[in-house]
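Quick notes on the structure that follows.
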Number of protein chains: 2
Amino acid sequence: METNTESIVEALGALAQENRLTLFRMLIQAGNAGLAAGAIAQALGIPNSSLSFHLAHLTRAGLIRQRRDGRSLIYTADYEAMNALVGFLMENCCGGAACAPEAPCGEDAAQPQRKVSA
Amino acid sequence: METNTESIVEALGALAQENRLTLFRMLIQAGNAGLAAGAIAQALGIPNSSLSFHLAHLTRAGLIRQRRDGRSLIYTADYEAMNALVGFLMENCCGGAACAPEAPCGEDAAQPQRKVSA
DNA sequence: TGTTCGTTTCCATAAGTCTCGAAATATGCG
DNA sequence: CGCATATTTCGAGACTTATGGAAACGAACA
């Protein structure tokens with residue numbers, strides 16, 4: 001994700017919706033394994049068409065990614081994008097003074113169930 | 001700011017707009033001194049009525065505060081709210097594993113121009 | 001190849017947001 | 001009190017977003 005104002009606005013907008021925020025957090029917690037669209041729709045209790053709309057929205061914002069596994073499309077969170085977003089907000093905190101770490105959750109953090117090490 | 005999903009969605013939505021994101025960052029950098037509505041409108045190059053709409057939006061989301069100084073209304077960023085927002089996003093990063101500090105920018109950070117002390 | 005399953009696209013509708021001029025509302029000054 | 005200044009509220013128009021049913025699409029399995 002680029003860190004210009006426009007793309008940040010898009011990312012914030014993508015997360016500023018009940019279903020999408022919940023969905024994104026599900027993916028964050030699901031790690032690299034990700035979740036199939038159908039499973040997400042069921043978990044959220046919304047029709048597939050509605051889910052597809054939200055998935056497209058998050059994808060357009062660069063926050064999630066798509067991969068195919070058999071008949072299913074698996075969605076995963078883009079950890080880099082989330083870090084960039086948080087980084088942007090922190091970067092401008094406190095008048096630019098260094099008061100925050102840069103990337104608390106690195107790329108490697110995409111395997112949430114174990115301690116970050118590799 | 002409370003950290004339930006609903007209020008987070010509201011905060012994200014408040015920031016998911018070009019003018020408001022810029023405005024919020026201006027206030028973040030302005031520190032406790034804050035900025036008068038008129039000065040903000042001029043800086044953003046938008047009519048007062050439009051600005052007022054955005055200020056109300058950010059206020060409703062709990063991200064900024066209002067104080068009167070003579071004829072002017074001074075707006076300031078709510079650092080606690082921003083920390084809560086970022087904290088919420090980080091909290092759910094990496095499947096809940098501890099990978100982020102809790103409040104990088106403390107309450108005391110509200111005087112950005114000088115070293116945090118009080 | 002035909003069928004099934006998972007997902008997306010299309011469509012319409014309902015609801016919300018952004019914008020800004022004009023009028024209304026406060027505050028302060030003389 | 002009356003006038004000037006600072007900001008908000010009101011109202012209307014254009015635009016965007018959310019929702020879900022029905023149909024289309026694509027991949028895989030037999």
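Per chain, numbering begins at 1; letters A, B, ... match sequence-line order.
- Here A:Y75 reaches the OP1 or OP2 of C:dT8: one of its side-chain N or O atoms lies under 4.0 Å away.
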Output a table of donor-acceptor pairs, distance under 3.5 Å, between side-chain atoms of residues 41-61 of chain B and any protein atom two or more places apart or on a different chain; print 'none' if there are none.
{"unit_1": "B:H54", "atom_1": "ND1", "unit_2": "B:R20", "atom_2": "NH1", "d": "3.0"}
{"unit_1": "B:T59", "atom_1": "OG1", "unit_2": "B:L55", "atom_2": "O", "d": "2.7"}

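- Rounding to the nearest 0.5 Å places OG1 of B:T5 at 11.0 Å from CG of A:N19.
- The shortest heavy-atom contact between A:A84 and A:T3 is CB-CG2, 4.0 Å.
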Close N/O contacts between protein and nucleotides 28-30 of chain C (under 3.5 Å):
none

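- C:dT27 atom C1' lies 17 Å from atom CZ of B:R67, rounded to whole Å.
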Self-check item: Worked verdict on A:Q17 versus A:F24 for side chain to side chain contact (heavy atoms under 4.5 Å, CB included)
Solution: CA-CA 10 Å; A:Q17 206 275 344; A:F24 184 68; over 6 Å; no
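- Within 4.0 Å of A:Q66, counting heavy atoms only, lie sugar-phosphate atoms of the nucleic acid but no base atom.
- A:L15 contributes atom CG, which lies 6.5 Å from atom CG of A:L85 (distance to the nearest 0.5 angstrom).
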Quiz item: B:N4 and B:I8: side chain to side chain contact (heavy atoms under 4.5 Å, CB included), yes or no, with the steps?
Solution: CA-CA 6 Å; B:N4 52 33; B:I8 293 291; 5.8 Å; no
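- Heavy-atom contacts of chain B under 4.0 Å fall on DNA chain D between two terminal nucleotides, which in 5' to 3' order are D:dA4 to D:dT9.
- Put simply, the side chain of B:L63 does not reach to within 4.5 Å of the side chain of B:Y79, judged on heavy atoms.
- The closest side-chain heavy-atom distance from A:T76 to A:L27 is not below 4.5 Å.
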Donor-acceptor pairs are to be reported for all side-chain atoms of residues 64-75 of chain B against protein atoms at under 3.5 Å, with residues two or more places apart or in another chain.
{"unit_1": "B:R65", "atom_1": "NE", "unit_2": "B:D78", "atom_2": "OD2", "d": "3.1"}
{"unit_1": "B:R65", "atom_1": "NH2", "unit_2": "B:D78", "atom_2": "OD2", "d": "3.0"}
{"unit_1": "B:Q66", "atom_1": "NE2", "unit_2": "B:Y75", "atom_2": "OH", "d": "2.8"}
{"unit_1": "B:R67", "atom_1": "NH2", "unit_2": "B:N32", "atom_2": "O", "d": "2.6"}
{"unit_1": "B:R67", "atom_1": "NH2", "unit_2": "B:A33", "atom_2": "O", "d": "3.4"}
{"unit_1": "B:R68", "atom_1": "NH1", "unit_2": "B:G70", "atom_2": "O", "d": "3.2"}
{"unit_1": "B:R68", "atom_1": "NH1", "unit_2": "B:R71", "atom_2": "O", "d": "3.4"}

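- Counting any heavy atom pair closer than 4.0 Å across all strands shown, A:A36 reaches sugar-phosphate atoms only and no base atom.
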Quiz item: Can you give one letter per nucleotide of nucleotides 12-24 of chain C, going 5' to 3': B for a protein heavy atom under 4.0 Å from the base, S for sugar-phosphate only, - for none?
Solution: ------SBBBB--
